[in-house]
Amino acid sequence: VYTLTTLINCFCRLHKLDFGFSVLGKMLKLGLEPNTVTFTTLINGLCIEGKVAPAVRLLDEMVETGYKPDVITYSTIVNGLCKIGNTNVAIKLLKKMEERGFEANVVVYSTIIDGLCKDKVVTHALELFSEMKSKGILPDRFTYSSLIQGLCNLGQWKEATRMLNEMIAMNITPNVFTFNILVDAFSKEGLVSKAQDVVQMMIQRGEQPDIITYSSLMDGYCLQSQMDEAKNVFNLMVLKGFAHDVFSYNIMINGYCKCRRIDEAMRLFDDMSQIGLVPNSITYTTLLGGLFQVGRVQAAKELFKEMRAFGQLPNMMTYSTMLDGFCNNGHLNEALELLQAMQDNGLDPD
RNA sequence: GUCCAGAGAUGCAGUAUG
């Protein structure tokens with residue numbers, strides 16, 4: 001049962017939920033009793049696909065057939081609810097869980113706190129934060145990281161700093177996640193030198209920056225149109241032994257596109273394939289926007305074709321970019337054609 | 001015996017509105 005549950009978990013993470021359920025079928029056929037962990041794993045698989053309603057149904061079936069969920073089962077669904085933006089329902093489920101005699105733990109609380117922070121209702125998150133502490137549940141790195149991120153996104157730097165100090169005082173050492181949140185927040189706010197300070201601080205504290213740290217920093221420079229600085233970070237990453245990924249390329253490509261330096265962006269795009277990275281729909285959408293911005297309508301049309309030829313499906317953002325590009329360049333008829341084509345492909349304009 | 005099957009935090013793209 002342990003082995004097969006592990007297998008189910010693997011399938012879930014590979015987005016092969018059907019296979020996961022087949023394994024459950026096999027288990028039953030072999031006369032093996034699935035247990036709470038097996039069901040929780042499948043429930044998580046459903047949540048990963050955003051199928052939270054079926055996940056809840058599975059929980060109900062589980063209870064009806066006599067299998068006992070536990071706190072992890074509940075928190076799995078709580079997480080699913082939060083990820084699809086139903087934080088309020090998640091809170092209700094937390095209460096229900098407690099009514100049924102399960103004790104909340106730091107994971108459920110942190111999950112909800114994170115959801116509230118992402119919804120930008122940090123005051124509510126802080127209320128839950130006090131609530132958990134009053135129940136004697138100690139916050140951990142996850143809890144503090146979510147709160148720090150929420151506060152930063154609202155520009156409440158003082159409060160964010162206070163949180164950081166509080167966590168250190170509580171002997172919960174910030175890790176690479178925590179620092180990366182700060183680097184990203186400062187970068188997005190245009191305070192790249194502050195972001196640099198955080199990188200220095202983390203190195204001093206013995207926490208090694210990773211590819212996300214440097215990518216965030218790069219993005220900060222790009223947003224300030226400081227492409228030389230961004231390029232320096234890009235090169236520094238290689239020197240430090242990091243292999244660039246699609247994200248780091250996309251960030252640089254976006255930087256060049258926004259500065260109307262489309263040729264340099266295209267060069268990076270070519271480099272990507274050279275080193276075996278597969279450009280994704282974000283890469284293409286970024287470049288399409290860049291091409292239209294400098295009036296290269298024909299090149300954009302060709303790239304749009306190429307993207308589909310390489311199996312990258314245009315999404316809503318890609319179409320918006322195309323439509324906007326056509327309109328701004330006086331190709332209204334092509335915009336209308338594309339709008340039609342998009343609907344024919346089953347994508348409803350938003 | 002908080003290692004030994006399951007839950008939580010970090011980086012990239014568009015339009016309109018503001």
Side-chain angles (χ1 to χ4, degrees), chain A residues 1-10 12-13 34-45 47-48 55 69-80 82-83 90 105-115 117-118 139-150 152 174-185 187-188 195 209-220 222-223 245-255 257-258 279-290 292-293 314-325 327-328 349-350:
Chain A
V1 176
Y2 277 50
T3 316
L4 293 178
T5 300
T6 306
L7 184 61
I8 292 175
N9 195 25
C10 292
C12 290
R13 289 178 190 285
N35 59 21
T36 306
V37 179
T38 316
F39 283 110
T40 303
T41 306
L42 284 163
I43 287 173
N44 190 37
C47 289
I48 288 173
D70 61 14
V71 183
I72 299 185
T73 319
Y74 280 102
S75 75
T76 302
I77 294 184
V78 164
N79 182 42
C82 289
K83 291 290 160 357
N105 62 18
V106 61
V107 176
V108 210
Y109 267 102
S110 300
T111 305
I112 294 180
I113 287 172
D114 184 62
C117 286
K118 297 227 159 55
D140 62 10
R141 280 177 179 154
F142 286 71
T143 329
Y144 280 108
S145 295
S146 294
L147 284 167
I148 290 171
Q149 174 162 239
C152 286
N175 64 2
V176 63
F177 277 71
T178 325
F179 286 118
N180 285 350
I181 287 167
L182 292 166
V183 172
D184 176 58
S187 292
K188 289 218 170 41
D210 64 8
I211 189 166
I212 297 185
T213 320
Y214 289 115
S215 296
S216 304
L217 194 60
M218 242 172 43
D219 194 35
C222 287
L223 295 174
D245 61 9
V246 176
F247 279 66
S248 54
Y249 268 97
N250 285 351
I251 291 167
M252 284 301 289
I253 289 174
N254 186 40
C257 285
K258 290 295 175 316
N280 61 17
S281 58
I282 298 184
T283 320
Y284 285 104
T285 305
T286 308
L287 282 165
L288 288 168
F292 277 118
Q293 209 167 45
N315 59 22
M316 198 63 87
M317 285 201 188
T318 319
Y319 280 109
S320 299
T321 304
M322 292 296 293
L323 292 172
D324 186 56
C327 291
N328 283 334
D350 60 6

* To do: For A:Asp140, answer base if it contacts any base atom (sugar-phosphate contacts may also be present), sugar-phosphate if it contacts only those atoms, and nothing otherwise; contact means non-hydrogen atoms under 4.0 Å.
  => base
* **Separation of atom CG in A:Asn105 from atom P in B:A7, rounded to whole Å** => 13 Å
* Does any N or O donor sit under 3.5 Å from an N or O acceptor when you compare the side chain of A:Thr40 with the base of B:G6? -> yes
* To do: Spell out, as yes or no, whether a donor-acceptor pair under 3.5 Å connects the side chain of A:Asn105 to the backbone of A:Val108.
  => yes
* **Letter per nucleotide, 5' to 3', of nucleotides 12-18 of chain B [B base touched, S only sugar-phosphate touched, - untouched; heavy atoms, 4.0 Å]** => BBBS---
* Asked: In whole angstrom, what separates A:Ile181's CD1 from B:G8's P?
  -> 15 Å
* Asked: Contact class for A:Val106 vs. all strands (heavy atom < 4.0 Å): base, sugar-phosphate, or nothing?
  -> base
* base_contact_polar (B:A9 base, A:Ser145 side chain, donor-acceptor, <3.5 Å) -> yes
* Structure fact -> From CZ of A:Arg13 across to P of B:G8 the rounded distance in Å is 7 Å
* Please state the P separation for the pair B:A7 and B:C3 - nearest whole angstrom. => 16 Å
* Under the 3.5 Å rule, do the base of B:G6 and the side chain of A:Thr41 count as making a donor-acceptor pair? -> no
* A:Ile43 CD1 to B:G6 C1', straight-line distance once rounded to whole Å -> 10 Å
* To do: Rounded to the nearest angstrom, tell me the gap between atom CD1 in A:Ile112 and atom P in B:G8.
  => 14 Å
* Asked: When you check the side-chain N and O atoms of A:Thr40 and A:Thr73, is any donor under 3.5 Å from an acceptor?
  -> yes
* Could you give the OH-to-C1' distance, from A:Tyr74 to B:G6, as a whole number of Å? -> 16 Å
* Structure fact -> Interatomic distance, CD1@A:Ile181 vs CG@A:Asn175, rounded to 0.5 Å, equals 8.5 Å
* To do: Report yes or no: does A:Asn180 contribute a side-chain atom to a donor-acceptor pair with the main-chain N or O of A:Val176 at less than 3.5 Å?
  => yes
* Between B:G8 and B:C4, how far apart are the P atoms? Round to whole Å, please. => 15 Å
* To do: Mark yes or no for whether A:Ser187, through its side chain, and A:Ser216, through its backbone, hold a donor-acceptor pair below 3.5 Å.
  => yes
* **side chain to side chain contact (heavy atoms under 4.5 Å, CB included) assessment of A:Val71 paired with A:Val107** => CA-CA 9 Å; A:Val71 183; A:Val107 176; over 6 Å; no
* Asked: Contact class for A:Thr36 vs. all strands (heavy atom < 4.0 Å): base, sugar-phosphate, or nothing?
  -> base
* Donor-acceptor pair, side chain of A:Asp140 and main chain of A:Thr143, under 3.5 angstrom -> yes
* Asked: Has the side chain of A:Asn175 got a donor or acceptor atom sitting under 3.5 Å from an opposite partner on the base of B:A9?
  -> yes
* Report yes if a side-chain nitrogen or oxygen of A:Lys83 is closer than 4.0 Å to either non-bridging phosphate oxygen (OP1 or OP2) of B:A9; otherwise report no. => yes
* Asked: Just how far, in rounded Å, is P of B:G6 from CD1 of A:Ile48?
  -> 12 Å
* **Nearest-Å distance for atom pair CD1/C1', residues A:Ile113 and B:U10** => 17 Å
* When you look at A:Lys188 and A:Asp219, which way does the side chain to side chain contact (heavy atoms under 4.5 Å, CB included) test go after all the steps? -> CA-CA 8 Å; A:Lys188 289 218 170 41; A:Asp219 194 35; 4.2 Å; yes
* To do: Would you mind classifying the nucleic acid contact of A:Ser216 as base, sugar-phosphate or nothing, using non-hydrogen atoms under 4.0 angstrom?
  => sugar-phosphate
